[in-house]
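It should be emphasised that the depicted structure is a prediction, and the values quoted were computed from it without experimental measurement.
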Amino acid sequence: MAEEKPEKKKLDLNRQPMPKQDHWERIRNFDEVALGYPTEVAVKEASRCLQCKKPLCNQGCPVGIDIPGFIRHTVEGDFGSGIRTIKETNALPAICGRVCPQEEQCEKSCILGKKGAPIAIGRLERFLADWEAAHGKIEVPKMSPKTGKKVAIVGAGPAGITVSNDLIILGHDVTIFEALHECGGVLIYGIPEFRLPKAIVNREVEYVRSLGVKIHTDYVVGKTRTVDRLLEEFDALFVGSGAGLPWFMEIPGENLNGVYSANEYLTRVNLMKGFRFPEYQTPVKRPCRVAVVGGGNVAMDSARTAIRLGADEVHLVYRRSRAELPARAEEAENAEEEGVIFDLLTLPVRLFGDENGWVREIECLKMELGEADASGRRKPVPVEGSNFRVPFDAVVIAIGNSPNPLIPMTTPGLEISKKGGIVTQPETARTSRVNIWAGGDIVRGAATVISAMGDGRIAAASMHKYLMNRE
Ligand code: SF4
């Protein structure tokens, strides 16, 4: 009798949709928009995975998560093993599952994406992290014996937290120095509550603290104490001080009242809780017509924040077309659903104010797309004589950030790039100083959370080697 062939898995090319708060509801609150997969939906989505023999998804993950592994555990309903698999290489799964651009990384490489929708890897990662938190089953990994080596970490953002996590597990004594009064870096001051609830960031920070990492807040390395003074006490130091220096357009009128960098605008709301005045004594102005200049995730966050603060009209002013928007597609869709008006192919060239110095109008130029530039995107070219003026009473500039200059300025012997970042060896994250490593936005300029974490992992491995071979 002929042997029966195993049944070939039927391809399911459609991913499970993410439940969201209704857009009419959510523009009146700062609660998280995406609600997360319920258990049965997560298992259904995970079941689409083909468990490829040579999984391409893994290659797209900067921290090397065993993606098919955690998906397999999810299909089996063994969520504890699923989250354990992720945490072998990623200390911040609830955060990465929410804010990483998976569509450009693991999901972009998923084989199912060639014919239909790739597996929703980020949503499944979030599901497992939230499941773990909801079930109070946060596990502490096996810790190595103490080495007696002391490590200082500058900055409690994603890179600093990752290095701290890896080095404390390896037995080193780790202390974080954070300039702000709360930990999390850009996750706290930059990304709004409706995209990444702060309770989740605090949960992940507390997890690292529970492993024994010491944290000093309100401690500005470079001012409170320099890197060199810290190195009198510590054996090695990692710099993850981020990219908090905002770019401006350098056009007339940018210093008018009512013109904000996105950094300032979002910090006032996210960190200082300006929207909860008078509970918090740091109110934020509530203008009627807001223009947000830029097209990235920070621009979308600013525009959606302005909507929630009650602005009558919020415009996103972007010099290229919709196809070139650097923001995640789902964030652009959310912004549109919430009523943000996209003024595409539009470039602000001048801001006009009133007699009291408050911004009142923007003069813009219409643009058209020319040849592709060095980034591969078609270059916006001004249409001559197309100038027009639009009334606005607030302008938020969200066109990018440079690395924080304080540590480069106060640490002799550190090699600094033309863009102001610390130069490192990519394979080790070592700087030009023998006992200093660096990673994340202070090296790359504003990049992604997961790439900062990837740098952190590389740095931790190299620092461990250095610390153990020191004698
Ligand atoms: S490439 Fe896609 S289908 Fe294959 S193992 Fe990875 S997630 Fe599953």
Side-chain angles (χ1 to χ4, degrees), residues 27-28 30 189-190 192 244-296 298-320 335-336 338-368 380-402 405 446:
I27 59 172
R28 295 189 196 94
F30 277 82
Y189 72 77
L245 187 69
W247 293 349
F248 285 91
M249 292 182 291
E250 295 179 12
I251 60 173
E254 252 182 325
N255 54 357
L256 287 163
N257 296 323
V259 181
Y260 303 86
S261 69
N263 249 26
E264 179 192 344
Y265 189 68
L266 292 173
T267 301
R268 280 173 182 272
V269 177
N270 299 334
L271 182 71
M272 312 301 288
K273 305 275 185 283
F275 65 99
R276 280 162 62 181
F277 178 79
E279 185 190 343
Y280 284 79
Q281 293 292 311
T282 45
V284 60
K285 201 168 181 301
R286 296 178 182 237
C288 300
R289 288 178 54 86
V290 181
V292 176
V293 182
V298 176
M300 297 300 162
D301 286 345
S302 303
R304 298 172 67 197
T305 295
I307 290 265
R308 284 162 174 77
L309 287 174
D312 295 336
E313 221 172 280
V314 179
H315 290 240
L316 188 104
V317 183
Y318 179 56
R319 63 195 181 124
R320 300 184 198 244
E336 264 184 329
E338 290 167 13
V340 175
I341 299 161
F342 287 17
D343 295 340
L344 300 168
L345 290 165
T346 304
L347 178 73
V349 290
R350 190 183 185 104
L351 309 178
F352 293 92
D354 62 17
E355 60 286 4
N356 296 317
W358 285 92
V359 68
R360 286 291 169 251
E361 275 187 335
I362 305 186
E363 181 179 326
C364 296
L365 264 180
K366 276 280 156 214
M367 310 293 277
E368 57 191 10
V381 184
V383 177
E384 231 171 276
S386 63
N387 305 49
F388 62 100
R389 283 164 71 157
V390 199
F392 285 107
D393 55 356
V395 179
V396 181
I397 298 167
I399 56 173
N401 293 301
S402 292

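Between Lys285 and Tyr260, the closest side-chain pair of non-hydrogen atoms falls below 4.5 Å. Side chains of Arg360 and Asp393 form a contact here, defined as non-hydrogen atoms less than 4.5 Å apart. Using a 4.5 Å heavy-atom cutoff, the side chains of Thr346 and Lys366 are in contact. Put simply, the side chain of Tyr280 does not reach to within 4.5 Å of the side chain of Met272, judged on heavy atoms. Side-chain contact between Val314 and Glu338 is absent, with no heavy-atom pair separated by less than 4.5 Å. Residues Pro246 and Glu264 have side chains not in contact (no heavy-atom distance under 4.5 Å, counting atoms from C-beta outward). The side-chain heavy atoms of Ile362 and Leu351, taken from C-beta on, include a pair separated by under 4.5 Å. Counting heavy atoms from C-beta on, the side chains of Leu347 and Pro380 never come closer than 4.5 Å.
The minimum heavy-atom distance linking Ala291 with Phe392 is given by the pair N-CD2, 3.6 Å. Shortest non-hydrogen contact noted between Met300 and Leu316 is CE-CD2, 3.9 Å. Of all non-hydrogen atoms in Gly190 and Asn270, the two that sit nearest each other are O-ND2, 3.1 Å. When all heavy atoms of Ala262 and Val298 are compared, the closest pair comes out as CB-CG1, 3.5 Å. The heavy-atom pair separating Tyr265 from Ser302 by the smallest distance is CE2-O, 3.7 Å. The shortest non-hydrogen separation linking Gly339 to Ile307 is C-CD1, 4.0 Å.
Formation of a donor-acceptor pair under 3.5 Å by the Asn356 side chain with backbone atoms of Trp358 is not found in this model. For Glu363 (side chain) and Asn387 (main-chain N/O), no donor-acceptor pair under 3.5 Å exists by modelled atom type. Side chain of Arg319 to main chain of Met367: no donor-acceptor pair is present (N/O by atom type, distance under 3.5 Å, no hydrogens or angles).
For the atom pair CG (Asn263) and CG (Asn401), the distance works out to 4.5 Å, reported to the nearest 0.5 Å. If you take CD1 on Ile341 and CD on Glu313, they are separated by 4.0 Å, rounding to the nearest 0.5 Å. Between Arg389 atom CZ and Arg350 atom CZ the span is 8.5 Å, to the nearest 0.5 Å. One finds the CD1 atom of Ile397 at 13.5 Å from the CH2 atom of Trp247 (value rounded to the nearest 0.5 Å). With rounding to the nearest 0.5 angstrom, the CD atom of Glu384 is 9.5 Å from the CG atom of Leu365. To the nearest 0.5 Å, atom CZ of residue Arg286 and atom CZ of residue Arg308 are 13.0 Å apart.
Taking the six-membered ring where the residue is Trp, Phe30 and Phe275 present parallel rings, their angle staying beneath 30° rather than reaching 60°.
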Thr282 and Val284: side-chain contact (heavy atoms from CB on, under 4.5 Å), yes or no, with the steps? CA-CA 7 Å; Thr282 45; Val284 60; over 6 Å; no
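For Glu279, the CD atom counts as densely surrounded, since its 6.0 Å shell holds more than 12 non-hydrogen atoms of other residues, nucleotides or ligands.
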